[in-house]
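Here's the structure, in structure tokens; my notes come after.
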Amino acid sequence: MKYIKLNTNESPFPPSPHVAERISGEEARLNLYPDPACSELAAAAAAALGVGPENLIFTNGSDELLNFAFLAFCDAERGIVFPDITYGLYPVLCEMYGIPYRKIPVGADFGINPQDFFGIGQNVVIANPNAPTGLVLSVSDIELIVRENPGRVVIVDEAYIAFGGESCVGLIKKYDNLLVARTFSKSHSLAGARLGMGIGSAELIGYLNKVKYSFNPYSINRITLLAGLAAFEDENYYIENCKEVIATRERVKAEIRALGFTVTDSKANFLFAKSDRIGGRKLYDKLRQCGVLVRHFDVPGISDYNRITIGSKSQMEAFLDAVRNIINDREIIK
Ligand code: PMP
């Protein structure tokens, strides 16, 4: 069966046509190693973000950046805290490196209370918007968390920031303990190219570069470097795509609420929803049988929910048709 993939938060849009032009042109020159410093990309990103190239590091997806950051800033004495409902990679990295970690409970509505993260004595990582809830913290809340943890690194994972949240990148000039993680996988349609970006003080970036250069200075290949550059050169294309994703998200949210779903106020390219008629795992299975893949987490507190990536308009119509059929089936017992 050919599935409609609404399970990994990819963009339904292809990269900008400019990306294809760039990577198939003469510059690709795959006989040469890539530039480990990613200088051209750094210059373009620095101009776009209003920071210096020394404030930037590029990695093979933002997962690699998170990996480097946990390795660079955490150890057996200096652990890390994060919300109990968040991106699954954080505890995985801690387990792998033997880093002590603590999960701070989110509220009954899945909201993060910034004060719970004040003066924590450990490093902090927060996905903003959070995953899989899609809930955002304001820049002022993030600033408080960064300010109240001097001498500790606060990582803000902005993988989904382009879909309605406000970026805290501007704070890096004021706080040397803030690292912002970005990805080109979601808003910039480059999940397959693997490109992530870290933004922080020159000091933090220096530590991260030590890790990067020890593993593999060439982790961003020449094609991905060009694709990233082309993405910066065609920012309007992505802004329009994000607008469309946001509009589709709001429409689908209203539709499933009308069908009795509880849906968080997601500012990401996915919805997080539970039905009053069918359990989370059952809905996941039934959607799969209809050819629609969503993401179910068999985790206490959220197992009634599914995370649904916002795809193209037609993909979402197919999703809504499937949902309507499933929940109108009289056989369904929660
Ligand atoms: N952070 C969060 C919160 C994510 O959901 C993801 C995607 N799974 C990533 C980071 C990593 O994305 P990538 O490695 O593709 O940049």
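Quick note: residue numbers are just sequence positions, from 1. First listed ligand is number 1; within each ligand, the first listed atom is number 1.
Evaluation of the side chain to side chain donor-acceptor pair (under 3.5 Å) rule for Glu95 yields Tyr101 as partners, not counting sequence neighbours.
Evaluation of the salt bridge (charged side-chain N to carboxylate O under 4.0 Å, His left out) test over residues 1-18, restricted to residues two or more places apart or in two chains, returns Lys5-Glu10.
Annotation: cation-pi pair Arg288/Tyr3 present, NZ/CZ under 6.0 Å from the ring centroid and within 45° of its normal.
No side-chain N or O of Asn60 forms a donor-acceptor pair with one of Tyr218 less than 3.5 Å apart.
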Tabulate distances under 3.5 Å between N/O atoms of ligand 1 and N/O atoms of the protein, writing both atom names on each line.
unit_1   : atom_1 : unit_2 : atom_2 : d
ligand 1 : 1 (N)  : Asp157 : OD1    : 3.3
ligand 1 : 1 (N)  : Asp157 : OD2    : 2.6
ligand 1 : 5 (O)  : Tyr160 : OH     : 2.6
ligand 1 : 8 (N)  : Tyr87  : OH     : 3.1
ligand 1 : 12 (O) : Ser62  : OG     : 3.4
ligand 1 : 14 (O) : Ser62  : N      : 3.2
ligand 1 : 14 (O) : Asp63  : N      : 3.0
ligand 1 : 14 (O) : Arg194 : NH2    : 2.7
ligand 1 : 15 (O) : Ser185 : OG     : 2.6
ligand 1 : 15 (O) : Arg194 : NH1    : 2.8
ligand 1 : 15 (O) : Arg194 : NH2    : 3.4
ligand 1 : 16 (O) : Ser62  : N      : 2.6
ligand 1 : 16 (O) : Ser62  : OG     : 2.8
ligand 1 : 16 (O) : Thr183 : OG1    : 2.5
ligand 1 : 16 (O) : Ser185 : OG     : 3.4

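Taking the six-membered ring for Trp and thresholds of 30 and 60 degrees, Phe110 and Tyr305 have ring planes more than 60 degrees apart, a perpendicular arrangement.
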Sequence neighbours excluded and cut-off under 3.5 Å, please list the side-chain donor-acceptor pairs for residues 258-265, or say none.
unit_1 : atom_1 : unit_2 : atom_2 : d
Thr264 : OG1    : Thr133 : O      : 2.7
Asp265 : OD1    : Lys253 : NZ     : 3.0

